[in-house]
Structures are given as C-alpha cells and as structure tokens.
There are 2 protein chains.
Amino acid sequence: MRPSKRDELVQKAEKIFYRDGFHATGMDRLVAETGISKTTMFKHFHSKDELILATLRRKDETFRNRMHKHLAEAGGEPREQLLAVFDVLTDWFAQADFCGCMFIKAASEYPVHDDPIAVQAREHKRLVLLDLQQLARAAGAGDAAGLARQLMLLIEGAIVAKHMGYSEAPDADAKAAAEVLIMAA
Amino acid sequence: MRPSKRDELVQKAEKIFYRDGFHATGMDRLVAETGISKTTMFKHFHSKDELILATLRRKDETFRNRMHKHLAEAGGEPREQLLAVFDVLTDWFAQADFCGCMFIKAASEYPVHDDPIAVQAREHKRLVLLDLQQLARAAGAGDAAGLARQLMLLIEGAIVAKHMGYSEAPDADAKAAAEVLIMAA
DNA sequence: TCTAATATGTACCGATCTGTACATATTGCA
DNA sequence: TGCAATATGTACAGATCGGTACATATTAGA
C-alpha cells in the first residue's frame with residue numbers, strides 16, 4: 001500500500017475544511033483545489049463524511065503531537081509545563097492560517113450527538129483534557145482533575161476569543177489567569 | 001406596518017438555524033418547518049444571509065436582555081453580580097434546547113472577516129465583554145478590562161465545554177475559577 | 001363593501017450538491 | 001518489456017441549493 005495520494009488528499013482537505021467549513025466546501029471544490037480527481041477521492045473514502053473523519057483524525061494527531069513536543073522542550077518542571085501549554089497557544093495564534101478550533105467547528109456543524117463526526121470532535125477534546133489532567137497531577141495539584149478542567153476553560157476561551165477577534169492577546173490573558181489558578185490549587 | 005409575520009419568521013428561523021446550522025439549513029426546510037411561504041420570506045428579506053442577520057440580531061437582543069434581567073435580580077452588590085453571570089450560564093445550560101453559542105457557530109461557518117454575518121457575531125461578543133467590563137469596574141477591580149477579559153475566557157470556555165459535552169458541569173468549574181480570579185484582581 | 005396590502009401555492013431557473021459509470025492514462029514493480 | 005494497480009477525465013444522475021414569476025387567496029382598514 002502506497003498511501004501517498006491518500007495522505008496528500010487528507011492533508012489538503014484538512015486545510016480546506018478548516019479554513020472554509022465542512023458544509024460550505026463541496027467535493028468539486030476539493031477537486032479543483034487539490035488537483036486530485038473525484039474518482040480517486042471516492043475510491044479512498046466512500047463518502048464525504050469519511051473524508052472529514054480522516055481529516056479530524058489527522059488534525060488531532062498533529063495537534064497533540066506538536067503540543068507534546070512543545071511541552072517536552074519546556075523543561076522538566078511540571079508546573080512549568082502546565083504554563084507552557086499557553087505558549088503553545090501563543091505559537092498557534094501567531095500562525096497566518098489560524099481560524100479557530102477545527103473540532104469546535106465540527107461540533108457546531110454536526111449537531112447530532114451520535115454523528116461520528118461529532119463523536120470524533122468530542123474525543124479530541126477529551127484527550128487534550130486528559131493530557132492536562134496528567135500534567136496537573138504531576139504538578140502535585142490537590143484536585144488535579146478540577147484544575148485541568150479550569151485550565152481547559154481558559155484554553156477554549158482563548159481560542160474562541162482569538163478566533164472571533166474581540167480580544168487582542170487572549171493567550172496572555174489566559175496565561176495570567178492560569179498562574180493565579182495554579183497557585184490557588 | 002404589522003410585522004407579526006416577519007417576527008414570527010425570524011423567531012422560528014432563529015431556532016432552526018441555531019439547532020441545525022446555517023449552511024445545513026435550506027430555505028425549503030424553513031418553509032416546511034415554519035409554515036411560512038417562501039414568497040413571503042423573500043419579500044421580507046432579500047436573501048438568506050439577510051434573514052440570518054436578523055436572527056442574530058434577535059438572539060443578541062434576547063440573550064443580553066435576559067442576562068441583564070438576571071443580573072438585576074442578583075442584588076446590588078457588584079461583586080455578587082459578577083458571580084451571578086455564571087448562574088446565567090447554569091440556567092442556560094439546563095435548557096433542553098441548549099446547543100452551544102449561536103455566534104461562535106456563525107463565526108465558524110462564515111470565516112470571511114468582512115462578512116456581515118461574521119461582523120454581527122463579533123459585535124455580540126464585544127457587547128457582552130463590555131457589559132462584563134462595566135460590572136468589573138463597578139466592583140472596584142484594579143484592572144477592570146483585564147478582569148473582564150479573563151472572566152470572558154471562562155464563560156466562552158464553559159459554553160464550549162458544555163456544548164461538546166466533555167465536562168459535566170463547566171458552569172460550576174467556571175464559577176469556582178471566577179471567584180479566585182476576582183479575589184486576586 | 002370596496003380596496004389595497006399582504007400571504008400563499010406552484011412551478012420553475014441555473015447552479016451546486018454528493019456520488020457513480022466508464023473508458024483512458026499513468027505509474028510501480030517484476 | 002509487460003502486467004496490475006492506481007489515477008484521471010468526462011459525463012452524468014438525482015437531489016437540493018438560493019431565488020424568482022405569477023396568478024390566486026386572505027386579510028385589514030376606510
């Protein structure tokens with residue numbers, strides 16, 4: 001199996017879905033923008049929804065991998081790592097193609113609770129929250145799960161605030177708030 | 001001008017767009033679900049986008065009015081009012097038809113920055129933030145704007161967390177974090 | 001009751017939607 | 001070189017998209 005074409009499709013589709021939305025992006029436009037024929041697309045994925053699922057899986061992988069690498073570079077102190085999460089945000093927000101969280105968008109566009117796309121989006125958030133919880137536990141927080149949930153609120157809030165553009169540097173605000181919450185925990 | 005039919009349309013369309021999304025909801029389905037003829041719809045609004053804008057304006061009005069009323073009932077203490085904001089969330093989340101924030105959804109589905117729909121969505125968030133800032137100033141916070149932005153992060157985060165369902169009671173988490181942040185401010 | 005405004009039903013337009021059929025190129029490998 | 005897998009182009013199906021034309025029905029006010 002040489003999956004290069006398939007991977008190329010998933011990678012390009014991910015960017016387009018992320019930028020333009022899921023329902024607003026038709027298969028014909030994917031053909032035009034990726035240069036990959038529609039026949040090939042439907043040979044690799046039996047439906048648009050399956051392709052979307054693949055892009056979400058890829059996004060989850062690359063996102064969490066990047067986060068883990070960034071945290072590893074932040075040094076061994078667990079408390080430093082907890083704060084470094086917000087530097088990941090700063091990095092992300094500085095990217096030219098930033099336009100919010102793909103999983104929040106997916107959950108918005110696929111409101112049916114059992115829809116595989118909605119399930120996949122939730123799963124990503126669950127995994128990120130789990131990562132935070134492990135960090136909080138390592139940092140010796142009394143209520144690690146609670147602290148993780150609170151920091152998660154700040155992260156989600158910063159993503160939304162940045163996306164909607166009503167706040168200049170929500171990552172800095174979030175980090176400042178996080179410092180207070182970590183101290184209090 | 002007897003705008004009853006128009007208002008009825010906006011009210012019903014708001015619920016449908018909120019529940020099912022904007023691109024995923026066609027005018028034909030609006031006709032089927034509202035019982036209002038397509039001719040009438042396009043007589044009141046010259047395009048689907050204009051109808052969407054009207055639903056967003058309505059949602060902003062009703063949402064902020066409800067919030068102000070709730071805050072007014074919370075008592076005169078500004079610090080109490082700041083915390084009461086999170087009781088508004090608790091109320092909202094308990095509603096059976098809760099499915100996230102309509103403005104976040106709108107911003108997600110209309111990524112072009114200048115799109116009137118995106119502008120309208122941002123405007124709602126700006127107004128809410130402004131309300132928070134006034135409360136924070138009345139509560140005597142040193143950096144009222146900064147505290148307001150931090151509380152806004154918690155609010156957005158709680159909405160997203162509740163919507164995506166990876167957290168049981170994000171409103172309670174947000175309120176607990178808010179108490180800490182308000183004390184520290 | 002007459003009139004003017006408003007609402008309806010139906011049928012349609014061209015464009016786009018997801019998805020398929022099928023015949024032709026292109027590629028990787030032995 | 002030759003074979004098999006993979007990719008392509010075109011053309012299309014059936015449904016739905018936003019939006020309009022137009023003739024009829026309902027309503028409200030003088």
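In what follows, chains are A, B, ... by sequence order, proteins preceding strands, each numbered from 1. Computation of the quantities below employed the complete heavy-atom set of this structure, encompassing side-chain atoms and omitting hydrogens, waters and symmetry-equivalent molecules.
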Quiz item: To the nearest Å, how far apart are B:Met27 CE and C:dC17 P?
Solution: 18 Å
Practice problem: For residues B:Leu53 and B:Arg57, determine if any side-chain heavy atom of one lies less than 4.5 Å from a side-chain heavy atom of the other. | Solution: yes
Practice problem: Decide whether B:Phe98 and B:Tyr166 are clustered together by the hydrophobic rule: side chain heavy atoms of Ile, Leu, Val, Met, Phe, Trp, Tyr closer than 4.5 Å, transitively. | Solution: yes
Practice problem: Output the distance between atom CG (A:Leu56) and atom NE2 (A:His124), rounded to the nearest 0.5 Å. | Solution: 9.5 Å
Quiz item: How far does CG of A:Leu127 sit from CZ of A:Arg64, to the nearest 0.5 angstrom?
Solution: 4.5 Å
Quiz prompt | Sub-4.0 Å heavy-atom contacts from residues 34-43 of chain B onto DNA chain D, ordered by number | solution = B:Lys38, B:Thr39, B:Phe42
Practice problem: Test the A:Lys105-A:Tyr18 pair against the cation-pi criterion, namely NZ or CZ under 6.0 angstrom from the six-membered ring centroid and within 45° of the ring axis. | Solution: yes
Quiz prompt | Distance (rounded to the nearest 0.5 Å) between B:Arg66 CZ and B:Lys69 NZ | solution = 10.0 Å
Self-check item: Interatomic distance, B:Leu9 CG vs C:dT8 C1' [rounded to whole Å]
Solution: 14 Å
Quiz item: Picking from C:dC17, D:dG18, D:dT8, which would you name as closest to the side chain of A:Asp28?
Solution: C:dC17
Exercise. Nearest 0.5 Å please: distance from the NZ atom of B:Lys59 over to the CE atom of B:Met102.
Key: 6.0 Å
Quiz item: Rounded to the nearest 0.5 Å, how far apart are CG of A:Leu89 and CD1 of A:Ile159?
Solution: 6.0 Å
Quiz item: Where along residues 45-54 of chain A does a heavy atom come under 4.0 Å from DNA chain C, residue by residue in number order?
Solution: A:Ser47, A:Lys48
Quiz item: Does anything in residues 10-25 of chain A reach DNA chain D, meaning a heavy atom under 4.0 Å, and if so which residues?
Solution: none
Quiz item: OG/A:Ser4 to CG/A:Leu9 distance, rounded to the nearest 0.5 angstrom?
Solution: 11.0 Å
Quiz prompt | Ring centers of A:His23, A:Tyr110 separated by less than 6.0 Å | solution = yes
